[in-house]
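Worth knowing before you read on, the calculation uses all heavy atoms, side chains too, and leaves out hydrogens, waters and symmetry mates. Throughout, a chain's letter reflects where its sequence line sits, starting with A, and its residues are numbered from 1.
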Amino acid sequence: MPELPEVETIRLSLAPHLVGHRVVEVEARRIRLREGIEPETWRERFEGVRILALERRGKYLLAHAEGAVALFHLGMSGRMVLRRPEEPRDPHTHLVLRMDHGLEVRFIDPRRFGVAVVLRPEALEGHPGLGRLGAEPLSDGMHDVLRQAASRSRAPIRSVLLDQTVLAGLGNIYANEALARAGISPLRRARAISARRIGVLAGAVRQVLEEALEAGGTTLRDGGFVNASGDAGYFSVRLLVYGREGEPCLACGAPIRRRVLTGRSVFYCPKCQR
DNA sequence: ACTCGCCTGTCG
DNA sequence: CGACAGGCGAGT
């Protein structure tokens, strides 16, 4: 589900209720996610600790505490919400942190592609995935990172944008949307695109992420994404191509096309994007 | 560098 | 019933 703007939206809405507060009680179900939840480890390392910071790296959230770091990834269907203890729990609630102010942080993930593990700080960089993340797409250096990766890759440019070891945080929605704004076909081989046009793409990546962040993320029809308070994001009204197969391009009126590329849909305007 | 598998849920 | 879904990693 969530890409950088959604994860950052969750971070911002969660932080005031986590940072500076103590975890009073951990309730964890032993269950297989992308990495399994170990209830004993969670309780040993996280019960009673004070949260010092809530950080985002790519699509990961890190809750830093004294001697331990909770690492979360929301996969396709993960959510983190703040609720009062008496509120009924959603199905697929796998982890609950009761905080010293009385509210609960709940980790919910129906499809179980997510991650919710608690590590020792020294284990962070060795974590597969987290340790191999590329540049933050909103950082100053991202321009050059993208240009270099694109110049070396024979793959379609959409694959480069989804590669988390190049830029960390783009997913299928924003990769498609950035390419639409840059006027580049998602199918074009990366290294066949001029450095100038990659520069345009880098600017489009930044722009679409900043706009989506301002809108509080993208909530699709299914209502899957909400922030920690349960609010939907409203960037969906500004999507140019994603999920709009057959609908008219907002620039030229040509029908938006959908194709499957390495197992995942690409959406693009065949006239505006080359 | 692509294919498949991991899961559950929803939509046509 | 099949197709598909904001992700990712193992295997090839």
Which nucleotide in B/dG9, C/dA5, B/dC6 has an atom nearest any side-chain atom of A/Phe113: B/dC6

Does C/dG7 have OP1 or OP2 sitting under 4.0 Å from an N or O in the side chain of A/Ser77? no

A/Val260 or A/Arg264, whichever maps to the more 5' nucleotide of DNA chain C: A/Val260

With respect to the side chain of A/Pro110, which nucleotide from B/dC2, C/dG9, B/dG9 is positioned closest? B/dG9

When both distances are under 3.5 Å in a Watson-Crick or G-U wobble arrangement, the nucleotide paired with C/dG2 is B/dC11

Within the side chain of A/Arg11, is there an N or O that forms a donor-acceptor pair under 3.5 Å with the backbone of A/Leu54? yes

Measure the distance from CG on A/Asn172 to C1' on C/dA5 and round it to the nearest whole Å. 10 Å

Integer angstrom distance from the P of C/dC8 to that of B/dT10: 23 Å

Rounded distance in Å - CG (A/Leu220) to P (C/dC4): 16 Å

Can you find a donor-acceptor pair, distance only, under 3.5 Å between A/Arg112 side chain and B/dC7 base? no

Quickly work out the A/Asp90 CG to B/dT8 P distance and round it to whole Å. 16 Å

What heavy-atom pair brings A/Ser153 and A/Val160 nearest, and what distance separates the two atoms? OG-CG2, 3.6 Å

Give A/Arg258 one of three labels, base, sugar-phosphate or nothing, depending on what nucleic acid heavy atoms sit under 4.0 Å from its own. sugar-phosphate

Under 4.0 Å between a side-chain nitrogen and a carboxylate oxygen: does that hold for A/Glu40 and A/Arg30? yes

The nucleotide from B/dC7, B/dG9, C/dG7 with an atom nearest the side chain of A/Met76 is C/dG7

With no hydrogens and no angle check, do the side chains of A/Ser77 and A/Asp109 hold a donor and an acceptor under 3.5 Å apart? yes

Closest to the side chain of A/His73, out of C/dC8, B/dT3, B/dG9, is C/dC8

What about A/Arg154: does its side chain form a donor-acceptor pair under 3.5 Å with the base of B/dA1? no

Report which part of the nucleic acid A/Pro5 touches: base, sugar-phosphate, or nothing (heavy-atom distance under 4.0 Å, all strands). nothing

Output the rounded distance in Å from CZ (A/Phe72) to C1' (C/dC8). 19 Å

Residue A/Arg111, side-chain atoms from C-beta onward, closest of C/dC8, B/dC7, B/dT3: B/dC7

Could you check how far OH of A/Tyr174 sits from P of C/dG7, rounded to whole Å? 10 Å

Which part of the nucleic acid, if any, lies within reach of A/Leu162 when heavy atoms closer than 4.0 Å are counted: base, sugar-phosphate only, or nothing? nothing

Any side-chain donor near an acceptor of the partner, A/Tyr174 and A/Thr218, under 3.5 Å: yes

Measure from the side chain of A/Arg34, starting at C-beta and using heavy atoms only, and say which of B/dC2, B/dT8, C/dG9 lies closest. C/dG9

Atom CD1 of A/Ile108 and atom P of B/dT8: how far apart are they, to the nearest Å? 16 Å

What nucleic acid atoms does A/Gly129 come within less than 4.0 Å of, heavy atoms only: base, sugar-phosphate, or nothing? sugar-phosphate

Rounded to whole Å, please give me the gap between OH in A/Tyr242 and C1' in C/dG7. 11 Å

Does A/His92 make a side-chain N or O approach to OP1 or OP2 of B/dC7 shorter than 4.0 Å? no

Return yes if some donor-acceptor pair links the side-chain N/O of A/Glu6 with the main-chain N/O of A/Glu3 below 3.5 Å, else return no. yes

